[in-house]
Amino acid sequence: MRKIAIIAVTEKGIEKALIIQKEFPKSLVITTLQSSNESVSTITSISDYLADNFMKLDGICFVTALGICVRLIAPYIQDKNTDPAVISVDDLGLHVQSVLSGHKGGANDFASKTASVLGANAVISTSSDVQNIWALDTLGSQFNWQTESSIAKNKIMALFANNKPTALLLDIKDKGTQHLEKTVPSFVTIFYNEKDIDYTQFELFIAVSYKVYEAKIPSLFLIPKVLSVGSGCSKQLDFELFQETLKSKLAAEGLYFSAIKNFGSIDIKAEQQAYLDFSEANNIPFSTFTSDRINTVTIPNPSAMVQSKIGVNGVSESCAMLLSGNNDLLVEKQKIHLENSEKFTFSVALSAEVARKTTVAIIGAGPGDEELITVKGKQYLEEADCVLYAGSLIPEEMTNWCKPGAVVRNSAMMTLEEQVSLMQEHYKKGNAIVRLQCGDPSLYGAIQEQMTIFDELEMDYFIVPGISSFSAAAAVLKSEFTIPEVVQSIVLTRGEGKTPMPSKESISAFAATNSTMCIFLSVGIAKKVEAQLLEHFDADTPVAVMYRISWKDEEIFQGKLENLAQIVKESKKTRTVLIVVGHAIGARKNRSQLYSPEWKHIFRTNKKFVVTE
């Protein structure tokens with residue numbers, strides 16, 4: 001919401017309006033009163049201002065009585081699809097009411113955000129918000145889904161608001177469908193296969209799908225952009241004929257044209273005018289691939305003729321696969337002969353990112369405290385059928401998030417081959433699998449060897465980052481590891497022990513920068529590390545020896561760098577230790593410019609937004 005007017009009619013109202021303006025920095029504060037504040041615009045008539053600007057604004061906040069707000073906007077209200085979001089705030093900032101365009105215009109969100117700024121109560125009366133159920137009129141735009149319905153949408157919304165039995169079909173998996181699964185109302189039943197739905201048991205059907213369904217009950221279709229189309233063609237392809245034919249062919253296959261996410265061909269077709277026009281007319285990105293890239297894909301319907309002409313086994317199937325990241329095609333190559341004797345081929349694949357299939361989730365479990373796992377990581381852990389974790393590095397309490405019946409194994413006594421065998425067994429069954437890694441998987445996590453095996457076995461996987469122990473260390477030390485004009489870099493490294501370091505990496509080389517240094521896996525060579533650090537750091541540089549950060553038995557030993565080896569010796573800690581060295585430890589000087597009154601940036605400018613009459 002960019003264009004916002006905050007209208008106040010009393011002195012107290014102006015005070016509240018100026019507070020609200022700080023949250024919406026490019027907004028206008030408007031009043032008919034005289035004000036010495038340079039951010040306040042004084043006008044002669046609010047009615048005249050609204051007559052000129054009502055439809056130009058995205059949002060209007062009245063800091064007035066609700067009756068004043070209603071009377072002032074009444075002459076200008078036209079349609080809920082075009083009216084701006086209007087909210088009303090009382091002079092004391094106790095209540096913020098959503099007045100007009102609650103869902104589509106965003107007034108409900110506007111009211112909630114304004115209420116949080118003032119510490120006020122948001123008053124929202126739309127049925128879906130009161131019941132805490134989905135707002136079907138904005139659900140599509142919320143998750144970038146196109147919407148279609150079999151009857152008028154207001155009738156669909158009425159059925160839903162009245163809690164009529166609803167069947168929800170989810171043919172894909174993305175953030176939107178995950179949200180629906182987690183917030184499903186009691187009167188909604190989720191299905192993952194349309195054949196399982198007995199429509200006689202429901203009064204409303206909602207589908208999140210790229211497929212066309214013809215249910216015999218009122219239906220709402222939420223269409224995600226998830227299809228990749230590959231195509232090859234003859235030289236003089238006509239754009240309109242191509243577009244209309246493709247639409248009809250997709251419909252015949254039971255696929256929505258509006259579900260197309262991207263479109264592609266071989267690079268010799270990069271200037272094909274029909275393809276360029278198709279891309280522009282439908283706002284569908286057009287990409288091309290080289291012959292070498294196309295030849296990396298094995299397709300189901302290779303063509304000897306295409307191979308002889310342009311050096312590839314096929315264009316449409318290869319490009320659909322490359323665009324989607326999916327080796328399975330929804331529509332294999334179709335050869336189309338147009339009425340003007342031109343030809344084209346097309347193939348369709350579903351984006352691999354949204355396909356409902358098993359994947360291995362490699363999840364960063366955080367530094368130790370079971371509550372320091374990310375929200376996303378915890379969600380996957382709660383849903384997993386098989387969980388592997390290293391008991392020596394991850395607290396057993398974290399497995400309490402796992403659901404009853406899940407297979408939960410401590411991998412400490414298992415070989416890598418045994419771990420992979422167990423995960424492969426569950427993968428073949430279609431079970432959800434989680435591999436918990438301590439800290440963040442990108443740091444000393446040994447996931448590269450696991451991913452190599454997953455690639456060889458063609459097992460899909462993804463990574464959920466976690467909180468590293470170096471971040472937990474900064475929190476425990478109550479320190480910011482980057483201090484203005486003191487240190488602006490953090491080095492994450494380890495000392496050279498039995499495992500050699502790369503030739504250009506060493507403690508001494510990094511120490512030359514005097515960055516904050518977080519040294520992993522090096523407590524056993526503390527004396528050697530101390531000597532290398534002292535080559536460049538002052539002897540009295542602060543140092544912290546941190547044992548099992550954020551665990552219940554956490555211990556922290558602090559001192560000066562010149563005593564590092566002695567601190568380690570006296571701590572009697574031999575593993576699970578992070579060494580932190582640098583002037584940032586405990587520093588409290590040097591103010592950042594970010595919040596300085598003299599420092600201006602895009603969110604806090606010195607520009608005053610006012611109306612001049």
Side-chain angles (χ1 to χ4, degrees), residues 80-81 98 101-109 112 124-227 251 253-256 258-259 350 354-357 379-380 382-383 385 403-405 430-432:
K80 71 175 185 179
N81 294 312
S98 176
S101 298
H103 283 150
K104 283 218 166 182
N108 290 354
D109 290 338
S112 296
I124 297 170
S125 58
T126 44
S127 179
S128 58
D129 290 278
V130 172
Q131 296 186 61
N132 195 27
I133 59 176
W134 308 322
L136 297 187
D137 55 342
T138 59
L139 198 57
S141 59
Q142 184 179 353
F143 297 108
N144 196 30
W145 298 330
Q146 303 297 308
T147 60
E148 292 187 14
S149 58
S150 62
I151 60 174
K153 286 184 181 177
N154 60 337
K155 294 182 179 180
I156 295 280
M157 292 165 61
L159 287 167
F160 195 73
N162 286 312
N163 298 178
K164 299 302 181 183
T166 301
L168 172 65
L169 176 65
L170 304 178
D171 275 337
I172 65 159
K173 184 175 184 178
D174 65 2
K175 284 187 177 181
T177 60
Q178 289 173 323
H179 167 75
L180 298 183
E181 288 172 309
K182 291 167 189 169
T183 59
V184 60
S186 60
F187 59 91
V188 176
T189 304
I190 298 179
F191 295 90
Y192 299 99
N193 190 325
E194 194 261 347
K195 293 178 181 178
D196 296 333
I197 303 174
D198 179 359
Y199 287 105
T200 63
Q201 303 300 308
F202 301 97
E203 295 183 43
L204 176 62
F205 173 56
I206 301 175
V208 183
S209 182
Y210 52 91
K211 299 178 184 177
V212 178
Y213 293 104
E214 294 183 4
K216 294 181 180 180
I217 59 175
S219 305
L220 175 67
F221 304 103
L222 301 164
I223 308 163
K225 290 187 174 295
V226 294
L227 299 182
E253 294 288 341
L255 302 174
Y256 280 108
S258 56
L350 175 67
V354 302
R356 285 198 166 273
K357 59 183 179 180
Q379 289 171 348
Y380 280 112
E382 290 172 331
E383 297 166 3
D385 299 300
K403 66 184 181 183
N431 292 341

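Scope of the values below: all heavy atoms of this structure, side chains included, with no hydrogens, waters or symmetry mates.
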Seminar exercise, completed: Taking every heavy atom of Leu180 against every heavy atom of Trp145, the minimum-distance pair comes out as CD1-CH2, 4.1 Å
Problem set entry | Closest contact, heavy atoms only, Ile133 versus Ala161 | CD1-CA, 4.2 Å
For this session: Sequence neighbours left out, what passes ring-ring contact (aromatic ring centres under 6.0 Å, His included) with Tyr256? Give chain and number order.
Result: none
Seminar exercise, completed: Asp137 meets the side chain to side chain contact (heavy atoms under 4.5 Å, CB included) criterion, sequence neighbours left out, with His103, Lys104, Ala135, Met157
Seminar exercise, completed: Between Val130 and Ile124, the two heavy atoms sitting closest are CG2-O, 3.7 Å
Problem set entry | Interatomic distance, Glu382 atom CD to Lys403 atom NZ [nearest 0.5 angstrom] | 11.0 Å
Exercise. For Tyr199, which residues count as a ring-ring contact (aromatic ring centres under 6.0 Å, His included) partner, sequence neighbours excluded?
Worked result: Phe205
Exercise. Who passes side chain to side chain donor-acceptor pair (under 3.5 Å) against Gln142, sequence neighbours left out?
Worked result: none
Exercise. Just checking, is any N or O donor in the side chain of Trp134 or Ser128 under 3.5 Å from an acceptor N or O on the other one?
Worked result: no
Exercise. Would you say the side chain of Pro165 lies within less than 4.5 Å of the side chain of Leu204, judging by non-hydrogen atoms?
Worked result: no
For this session: Would you please name every residue forming a side chain to side chain donor-acceptor pair (under 3.5 Å) with Asn144, sequence neighbours left out?
Result: none
Exercise. What distance separates Ile206 CD1 from Leu170 CG, expressed to the nearest 0.5 Å?
Worked result: 10.0 Å
Problem set entry | Atom pair OG/CD1 of Ser219 and Ile156 - distance to nearest 0.5 Å | 6.5 Å
Exercise. Which residue pairs satisfy the salt bridge (charged side-chain N to carboxylate O under 4.0 Å, His left out) criterion with at least one member in residues 196-225, sequence neighbours excluded?
Worked result: none
For this session: Measure the spacing between CG of Leu169 and OG of Ser209 and express it to the nearest 0.5 Å.
Result: 6.0 Å
Exercise. Which heavy atom of Phe160 sits nearest a heavy atom of Pro185, and at what distance?
Worked result: CZ-CG, 4.2 Å
Problem set entry | From CG (Leu350) to CD1 (Ile172), nearest 0.5 Å | 8.0 Å
For this session: State whether a side-chain donor-acceptor pair under 3.5 Å links Asp109 with Ser112.
Result: no
Seminar exercise, completed: For Lys164, the salt bridge (charged side-chain N to carboxylate O under 4.0 Å, His left out) test, sequence neighbours excluded, returns none
Problem set entry | Glu148: side chain to side chain donor-acceptor pair (under 3.5 Å) partners, not counting sequence neighbours | none
Exercise. Which pairs pass salt bridge (charged side-chain N to carboxylate O under 4.0 Å, His left out) with one or both residues in residues 168-188, sequence neighbours excluded?
Worked result: Glu181-Arg356
For this session: Only pairs at least two apart or in different chains count here, so list each side-chain hydrogen bond (donor to acceptor under 3.5 Å, both in side chains) that has a residue in residues 149-163.
Result: Gln131-Asn163, Thr147-Lys153
For this session: For Leu222 and Leu139, work out which heavy atoms get closest and say how close.
Result: CD1-CD2, 3.9 Å
For this session: Under the side chain to side chain donor-acceptor pair (under 3.5 Å) rule, collect the residues that match up with Thr189, sequence neighbours excluded.
Result: none
For this session: Not counting sequence neighbours, which residues clear ring-ring contact (aromatic ring centres under 6.0 Å, His included) with Phe191? List them please.
Result: Phe202
